[in-house]
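Notes to accompany the following structure.
Both ligands and their constituent atoms are indexed starting at 1 by order of listing. Quick note: residue numbers are just sequence positions, from 1. Nothing here was measured: the structure is a model prediction, and the numbers come from that model.
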Amino acid sequence: MISNLEQTFRWFGPNDAVTLAAIKQTGATGIVNALHHIPCGDVWSVEEIKQRNEMINAAGLRWSVVESVNIHESIKTAGPQRDEYIEKYIATLKNLGKCGIKTVCYNFMPVLDWTRTNLDFRLPNNASALRYHAPAVAAFDLYILERENAADDFTTTEQQQAKAFFDSISEEQKKQLTNTVMAGLPGTDEVFTIAEFKEHLKKYSDTDANKLKQNLSYFLNAIVPAAEEAGIKMCIHPDDPPFPILGLPRVVSTEKDLLDIVNSCPSDSNGITFCTGSLGARGDNDLPGMVNRLGPHIHFLHLRNVQREPDGSFYEADHLNGSNDMYAVMKNVILEQKRREATGRDDIAIPMRPDHGHKLLDDFNYNTYPGYSIIGRLKGLAELRGLEMGIKRSIV
Ligand code: DNO
């Protein structure tokens, strides 16, 4: 039988209400972690990495993946300090390599990481899910941020829906929407003010998608040789949502984007985090086909599902339900594992994590990062490993 995927769980560090001991009980063996207390761009020292690694090992777990070593904005905008920050990034990769941590996830989303409008969307069973409501984002853009020329990005119908939504919510709800959309990096409590966000937007005034793509390629060509030397596999995380928002360009949203990225600097060290939830928010992304075609470049899997809605909105569905065919995705992941085995690759146990989870049962008593409940994710992991076993037993 082909070996299992490596079951991992994200842990945000010692302040996470979800403890390593709890994660151990889920059956996961790997931890996905980052040094969130180090400001974006600063070097992670060997001591800090070792200390964290020892903490994880002491709980009987392995630090499998770093998610994320975030990329400083000056690299994304080709600002004057970009080479300095690239040197620092390389220093962090070398230090991680020295400590034996070899898979590094990152993203190339301008300013904001993932974006949602509702962090407590109730499903019919009263479980709490994350939702992206397109009219809410449009309303924020047009009437709260009041971004110049924002109207050009929306059809007349979308503008009408945005206005109707905006008129229907209270002042308090407007504030809440602002805080939710303006939330900064995961693992921090950072929230941008409108003024700060506008300053960031200005920095992108001459960075369109083409330039952003060039800046990503520049970054990769600078760091990949060092990653190869350190034995590190980089894996880029797709945009979430996978389309431009708030006037910011996106370059990691489709199969073509991912192909351009791997081809811009061909190397085992230049790979992909295949996130079914992010990519699956677009109906034109053929997820099983993408796993098939991009398979050799996949170094990390984020497995979850979304339910797409007709107006471009979506919410996070159960891991195996929703708009995307998770059976077909898993089957193609397993076929990729088989190919790896046949060609003598040693990375057959691709790390996977149940990405996000609903808040269920006792989860409501814990203050966890949005999407990172324990029971909801445990449910996802249990379903996914059952799916994996069922397919493996029947086809291998
Ligand atoms: C959301 C996550 C993302 C991801 C980063 C990767 O829950 O999947 O925030 O960690 O985008 O750099």
Side-chain angles (χ1 to χ4, degrees), residues 8-13 16 18 30-36 38 40-41 44 64-73 75-76 89 92-93 96 103-119 128-132 180-191 216 219-220 223 232-243 245 248 250-253 257-258 261 270-281 298-306 314-317 319 351-359 368-374 376-377 380-381:
T8 69
F9 222 75
R10 193 176 196 180
W11 179 59
F12 283 102
D16 194 332
V18 177
I31 290 294
V32 174
N33 185 244
L35 302 182
H36 296 284
I38 299 181
C40 177
W44 297 12
S64 316
V65 179
V66 179
E67 179 177 347
S68 308
V69 180
N70 283 313
I71 303 210
H72 195 269
E73 284 294 305
I75 297 177
K76 297 179 207 163
Y89 203 95
T92 296
L93 294 184
L96 284 165
T103 307
V104 175
C105 171
Y106 68 102
N107 70 76
F108 217 71
M109 285 180 255
V111 192
L112 301 171
D113 201 289
W114 59 306
T115 302
R116 296 287 182 273
T117 57
N118 188 344
L119 305 179
S128 169
L130 308 181
R131 182 174 194 226
Y132 179 93
T180 308
V181 176
M182 292 286 90
L185 295 177
T188 70
D189 293 321
E190 179 187 35
V191 178
L216 172 54
F219 166 75
L220 285 170
I223 63 132
I232 290 199
K233 292 186 169 173
M234 299 293 299
C235 39
I236 194 162
H237 187 284
D239 305 321
D240 187 352
F243 39 79
I245 54 165
L248 292 166
R250 295 293 216 195
V251 294
V252 198
S253 299
D257 288 341
L258 290 167
I261 292 164
N270 175 23
I272 296 169
T273 298
F274 198 85
C275 176
T276 54
S278 305
L279 294 166
I298 297 174
H299 297 323
F300 186 27
L301 291 158
H302 281 185
L303 300 177
R304 70 177 160 86
N305 212 343
V306 292
F314 59 87
Y315 64 85
E316 299 191 0
H319 286 75
M352 70 89 152
R353 68 176 182 83
D355 193 21
H356 300 181
H358 294 155
K359 271 190 163 193
T368 44
Y369 284 106
Y372 289 92
S373 59
I374 178 93
R377 281 187 294 159
L381 179 63

Say you draw a straight line from NE2 of H299 to CG of N270; how long is it, rounded to the nearest 0.5 Å? 7.5 Å

Near ligand 1, which protein residues have a heavy atom under 4.0 Å away? R10, E67, S68, C105, Y106, N107, M109, D113, W114, P186, H237, H302, R353, D355, H356, Y372

Could you walk me through whether R304 and S278 satisfy the side chain to side chain contact (heavy atoms under 4.5 Å, CB included) test, starting with their C-alpha distance in whole Å, then the side-chain angles of each, then the deciding distance to 0.1 Å, before giving a yes or no? CA-CA 9 Å; R304 70 177 160 86; S278 305; 3.8 Å; yes

For F12 and H36, take the angle between the two ring planes, folded into 0 to 90°, and tell me which bin it lands in: parallel under 30, tilted 30 to 60, perpendicular over 60. tilted

Salt-bridge criterion met for R116 and D240 (N-O under 4.0 Å): yes

Start with the C-alpha gap between H237 and Y106, add the side-chain angles, then the distance that decides, and say whether ring pair (Phe, Tyr, Trp, His ring centres under 6.0 Å) holds. CA-CA 6 Å; H237 187 284; Y106 68 102; 9.8 Å; no

So, the side chain of T8 versus the backbone of I31: is there a donor-acceptor pair under 3.5 Å, distance only? no

